[in-house]
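To keep things clear, I will list the structure first and then write my remarks on it.
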Amino acid sequence: MTDTGRGTGPDFIEALARGLDVLRTFRPGTPSMTLSEIAGVTGLARPTVRRILITLETLGYVRGAGRGYALTPRVLDLGMAYVNSLSMWDVARPHMEKLVAQTNESTSMAQLDGSDIVYVARVAVPKIVTLAVNIGTRFPAAATSMGKVLLAALPPAAVAGVLAEASRSGIAARWQPDPAELEAALREVRAKGWALADQDLAPGIRSVATGVRDGDGNVIAAVNVTVHAAETSVDTLLDDHLPKLLRTAADIGHDWALTAAIPSVTFAGGRR
């Protein structure tokens with residue numbers, strides 16, 4: 001298993017690499033292994049394997065099992081360090097990048113903050129649009145497809161209170177619905193599961209959005225596809241891009257749920 005040519009730099013720590021080699025010898029079907037078996041798989045000398053196993057046992061990553069050794073649950077910490085270092089936006093990004101590759105249009109993700117949406121993730125294509133968008137950009141929620149999705153996810157009685165908070169976006173949207181118009185629009189979003197904004201925010205900006213749910217089924221963010229109205233028709237946006245968007249949102253929600261469901265394994269120290 002060892003690769004004699006892997007460590008050529010002066011900063012390469014061979015002892016650490018050998019320790020990882022020992023951990024990787026435990027595979028499905030081989031929950032425990034003897035010192036001789038590990039030495040045979042890794043190509044390391046028995047005394048070296050013995051020292052590594054003693055160190056790993058002291059740290060709590062392996063335990064004695066009959067005549068051999070077995071991994072302990074503490075090994076899960078090594079994988080969880082990676083999983084827990086990822087934010088939900090890091091998990092979403094590969095799916096958003098795939099969507100952009102499929103549509104050749106920009107996609108963004110936003111959450112609700114008062115009466116505004118705030119952009120929290122974005123994968124853009126180089127196209128000229130009316131309004132510049134970056135992470136942290138705010139827009140009035142009611143005039144955006146993502147905002148409609150997020151408002152529709154609220155209890156209907158809570159919408160008016162949320163929109164009573166003044167927008168901090170500094171933008172006057174083209175569409176200024178009265179309460180009855182907005183209520184009807186949000187009912188439609190709840191029925192369809194997605195929202196369209198056809199130049200409601202500003203001229204030339206057309207988008208479709210849907211919600212992204214957590215493992216409990218709650219909409220915690222919205223994701224969209226944005227197009228230039230002069231280049232892409234509503235029919236193309238809904239017939240071609242929307243199905244891909246819905247699949248992307250489902251995939252992101254699935255990965256978020258999986259990440260949240262992975263148990264956090266921690267130990268106070270000592271052998272396990």
Side-chain angles (χ1 to χ4, degrees), residues 87-93 96 106-124 129-229 234 237 242 245-246 248-249 252-253 256-257 260:
S87 74
M88 57 198 302
W89 319 126
D90 294 320
V91 173
R93 175 164 288 275
M96 296 173 68
S106 298
T107 181
S108 302
M109 189 174 288
Q111 291 186 296
L112 198 63
D113 183 22
S115 62
D116 293 333
I117 60 166
V118 179
Y119 281 68
V120 294
R122 179 167 170 81
V123 179
V129 294
T130 309
L131 298 172
V133 177
N134 298 292
I135 303 302
T137 294
R138 289 176 170 269
F139 290 138
T144 68
S145 59
M146 290 193 289
K148 292 174 186 177
V149 166
L150 295 170
L151 290 171
L154 297 174
V159 173
V162 169
L163 293 180
E165 183 175 329
S167 172
R168 290 184 281 154
S169 67
I171 295 171
R174 293 182 73 197
W175 188 51
Q176 300 283 343
D178 60 35
E181 284 181 289
L182 181 59
E183 183 180 353
L186 297 184
R187 280 201 305 269
E188 183 177 0
V189 173
R190 294 185 188 105
K192 292 180 175 179
W194 52 268
L196 172 70
D198 187 7
Q199 305 182 79
D200 294 345
L201 181 64
I205 297 177
R206 180 175 285 156
S207 67
V208 65
T210 191
V212 185
R213 299 177 181 272
D214 62 14
D216 296 321
N218 301 310
V219 174
I220 57 174
V223 62
N224 77 352
V225 172
T226 302
V227 302
H228 197 293
V234 171
L237 185 60
L242 176 58
L245 173 67
L246 295 174
T248 298
I252 293 171
W256 281 354

Using the salt bridge (charged side-chain N to carboxylate O under 4.0 Å, His left out) criterion, which residues pair with [X]? Sequence neighbours excluded.
| X | answer |
| --- | --- |
| R187 | E183 |
| R190 | none |
| E165 | none |
| D113 | R138, R168 |

field: Close side-chain approach of V133 to T226, heavy-atom, < 4.5 Å
entry: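 Answer no - side chains too far apart.
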query: Is there a side-chain contact (heavy atoms from CB on, under 4.5 Å) between F139 and I171 once you walk through the steps?
result: CA-CA 7 Å; F139 290 138; I171 295 171; 3.2 Å; yes
Identify the two heavy atoms, one from [X] and one from [Y], that lie closest to each other, and give their separation to 0.1 Å.
| X | Y | answer |
| --- | --- | --- |
| A153 | V219 | CB-CB, 3.7 Å |
| L182 | A142 | CD1-CB, 4.1 Å |
| A209 | V149 | O-CG2, 3.5 Å |
| A249 | T210 | CB-CG2, 3.5 Å |
| V189 | A152 | CG1-CB, 3.6 Å |

Say you draw a straight line from [atom1] of [X] to [atom2] of [Y]; how long is it, rounded to the nearest 0.5 Å?
| X | Y | atom1 | atom2 | answer |
| --- | --- | --- | --- | --- |
| R122 | S106 | CZ | OG | 4.5 Å |
| L201 | W175 | CG | CH2 | 12.0 Å |
| L242 | K192 | CG | NZ | 9.5 Å |
| L150 | L154 | CG | CG | 7.5 Å |
| L112 | I220 | CG | CD1 | 13.0 Å |
| N134 | T137 | CG | OG1 | 4.5 Å |

message: Side chains of S207 and S145 only: does a donor on one sit below 3.5 Å from an acceptor on the other?
response: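 Side chains of S207 and S145: pair found under 3.5 Å.
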Please identify each residue that fulfils side-chain contact (heavy atoms from CB on, under 4.5 Å) with [X], with sequence neighbours left out.
| X | answer |
| --- | --- |
| S167 | S115, D116, P140, S169 |
| A160 | none |
| V123 | R93, M96, E97, V100, T107 |
| V120 | W89, M109, Q111 |

message: Going by the rule side chain to side chain donor-acceptor pair (under 3.5 Å), which residues pair with T248 if we only count those two or more places apart in sequence or in a different chain?
response: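 Residues passing side chain to side chain donor-acceptor pair (under 3.5 Å) with T248: none at all.
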task: With sequence neighbours excluded, tell me which residues meet side chain to side chain donor-acceptor pair (under 3.5 Å) with T144.
output: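 Here no residue qualifies.
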Candidate pair V91 and I252, rule side-chain contact (heavy atoms from CB on, under 4.5 Å), full reasoning: CA-CA 7 Å; V91 173; I252 293 171; 5.7 Å; no
message: Can you pull out every salt bridge (Lys or Arg N to Asp or Glu O under 4.0 Å) where at least one residue sits in residues 206-220? Sequence neighbours excluded, please.
response: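 Non-adjacent pairs meeting salt bridge (Lys or Arg N to Asp or Glu O under 4.0 Å): D198-R206.
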query: Tell me the salt bridge (Lys or Arg N to Asp or Glu O under 4.0 Å) pairs involving residues 140-150, sequence neighbours left out?
result: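 Matches after skipping sequence neighbours: K148-D200.
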- request: Return yes if some donor-acceptor pair links the side-chain N/O of W256 with the main-chain N/O of G215 below 3.5 Å, else return no.
  value: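 No; zero donor-acceptor contacts below 3.5 Å.
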